Structure formats: structure tokens, C-alpha cells
Q: 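Below: one structure in C-alpha cells.
None of these values were measured; they are calculated from a predicted model.
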Amino acid sequence: QVQLVESGGGLAQPGGSLRLSCNAPRMIYSVFVGYTMGWYRQAPGKQRELVATITSGHTTNYGDSSKGRFTISRNNSRKTITLQMNSLTPEDTATYYCVANQNGMDYWGQGTQVTVSS
């Protein structure tokens with residue numbers, strides 16, 4: 001069982017920033033490094049969409065809505081990934097989910113709410 005714990009969500013003003021983190025507390029280092037990690041988000045009434053992913057080799061991929069504004073990174077020794085979100089808009093309001101992927105299997109966190117509002 002892969003446990004993923006997200007943190008860092010909350011309320012931000014338009015144009016502001018938030019930093020999300022996802023930790024895999026029960027995963028040993030040698031296993032964590034083999035996973036592609038990422039973030040997806042889902043707004044009410046909308047489908048879940050890609051925010052960003054990062055491979056074990058630190059190759060990144062971004063969804064169209066996050067390119068140029070969000071940055072994903074990983075710290076394998078801490079078994080943690082982060083998502084730095086800048087220039088937030090109300091359209092970024094959603095529940096953000098951390099995901100770990102390996103060999104076609106996805107493991108999801110519980111999600112953390114991000115609300116962008118003035």
C-alpha cells in the first residue's frame with residue numbers, strides 16, 4: 001500500500017502563490033526513486049486534469065494550464081515532491097491530488113484544496 005500525504009493547500013489571492021508538498025512516509029528511498037510522481041487537480045463539475053509530473057530522472061511534464069506558472073520538483077532523500085504555484089488565478093481553484101505511478105499502477109493521495117479568491 002502506497003500512502004501519499006499532501007499538504008500546503010489553502011486560500012490564495014489572485015496573482016499570489018502557494019506551495020504544495022506530497023510525502024510518501026511509508027515508502028523506502030530505494031522504492032520512491034523508481035516512481036514517477038505528479039499532481040493532478042479536479043475542480044467541481046470538471047474532469048481531473050494533469051498539472052505536472054516528474055520522473056525518477058527529474059524529467060518534467062506540465063499540463064497546458066500550468067506551464068510557465070507552476071514548477072514541480074522532487075527530493076528523493078526526503079521522499080517528497082513539491083509544486084510551486086505562482087500567478088494563481090481563480091481558475092486554479094480545485095482539489096489537488098498527488099499521484100505515484102510505476103508500471104502502469106497509480107496511487108493517489110487524499111487531495112488538498114486550493115482556493116484562489118479575492
Q: Do the non-hydrogen side-chain atoms of S56 and T36 ever get within less than 4.5 Å of each other?
A: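 No; the side chains remain at least 4.5 Å from each other.
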Q: Please name all residues satisfying ring pair (Phe, Tyr, Trp, His ring centres under 6.0 Å) with Y40, sequence neighbours left out, ordered by chain then number.
A: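 Partners of Y40 by the ring pair (Phe, Tyr, Trp, His ring centres under 6.0 Å) criterion, ordered by chain and then number, come out as W108.
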Q: With sequence neighbours excluded, give me every side chain to side chain donor-acceptor pair (under 3.5 Å) pair touching residues 68-78.
A: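 Side chain to side chain donor-acceptor pair (under 3.5 Å) check on residues 68-78 returns R69-D92, S73-T82, R74-N76, N75-S77.
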Q: So do the side chains of Q113 and T115 get within less than 4.5 Å of each other, counting heavy atoms only?
A: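 Of all side-chain heavy-atom pairs linking T115 with Q113, at least one is under 4.5 Å.
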Q: Holding to side-chain hydrogen bond (donor to acceptor under 3.5 Å, both in side chains), I want the full list of residues that pass it with S65, two or more places apart in sequence or in another chain.
A: R41
Q: With the 4.5 Å side-chain cut-off for hydrophobic clustering, are L83 and V116 part of the same group?
A: yes
Q: In terms of hydrophobic clusters joined by side-chain contacts under 4.5 Å, are L20 and V99 together?
A: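 Shared cluster, no.
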Q: Is Y97 reachable from F70 through a run of hydrophobic residues whose side-chain heavy atoms are each under 4.5 Å from the next?
A: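 No, F70 does not connect to Y97 through the hydrophobic network.
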Q: Say whether S118 and Q13, considering side chains only, have a donor N or O and an acceptor N or O under 3.5 Å apart.
A: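 No, because no side-chain N or O of S118 sits under 3.5 Å from a partner of the opposite role on Q13.
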Q: Taking N23 for its side chain and K79 for its backbone only, find out whether a donor-acceptor pair lies under 3.5 Å.
A: yes
Q: For S17 and N86, does a side-chain donor sit closer than 3.5 Å to a side-chain acceptor?
A: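 Yes - a donor-acceptor pair under 3.5 Å links their side chains.
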Q: My understanding is that only residues two or more places apart in sequence, or in another chain, count here; which of them pass side-chain hydrogen bond (donor to acceptor under 3.5 Å, both in side chains) with Q110?
A: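 In terms of side-chain hydrogen bond (donor to acceptor under 3.5 Å, both in side chains), with neighbours along the sequence ignored, Q110 is linked to no residue.
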Q: In terms of hydrophobic clustering (I, L, V, M, F, W, Y; side-chain heavy atoms under 4.5 Å; direct or indirect links), are I72 and L50 co-clustered?
A: no
Q: On a heavy-atom basis, which atom in L4 and which in C22 lie closest, and how many Å separate them?
A: CB-SG, 3.9 Å
Q: Quick one: side chains of residues 25-35, donor-acceptor pairs under 3.5 Å with protein atoms, not counting sequence neighbours, listed by atom name and distance.
A:
| from | atom 1 | to | atom 2 | distance (Å) |
| --- | --- | --- | --- | --- |
| R26 | NE | Q3 | OE1 | 3.1 |

Q: Within the side chain of T55, is there an N or O that forms a donor-acceptor pair under 3.5 Å with the backbone of T59?
A: yes
Q: Should W39 and M105 be regarded as members of a common hydrophobic cluster, given that ILVMFWY residues are connected when their side-chain heavy atoms come within less than 4.5 Å of each other, either directly or indirectly?
A: yes
Q: Output yes when a side-chain donor or acceptor of Q84 lies under 3.5 Å from a complementary backbone atom of R19, and no otherwise.
A: no
Q: Would a distance-only check, ignoring hydrogens and angles, find a side-chain to backbone donor-acceptor pair under 3.5 Å from S21 to S7?
A: no
Q: Under the side-chain contact (heavy atoms from CB on, under 4.5 Å) criterion, do Y96 and M85 qualify, and how do the steps go?
A: CA-CA 12 Å; Y96 285 69; M85 304 187 294; 3.8 Å; yes
Q: Identify, with sequence neighbours excluded, every residue that meets salt bridge (Lys or Arg N to Asp or Glu O under 4.0 Å) alongside K67.
A: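 Result, salt bridge (Lys or Arg N to Asp or Glu O under 4.0 Å) vs K67: D64.
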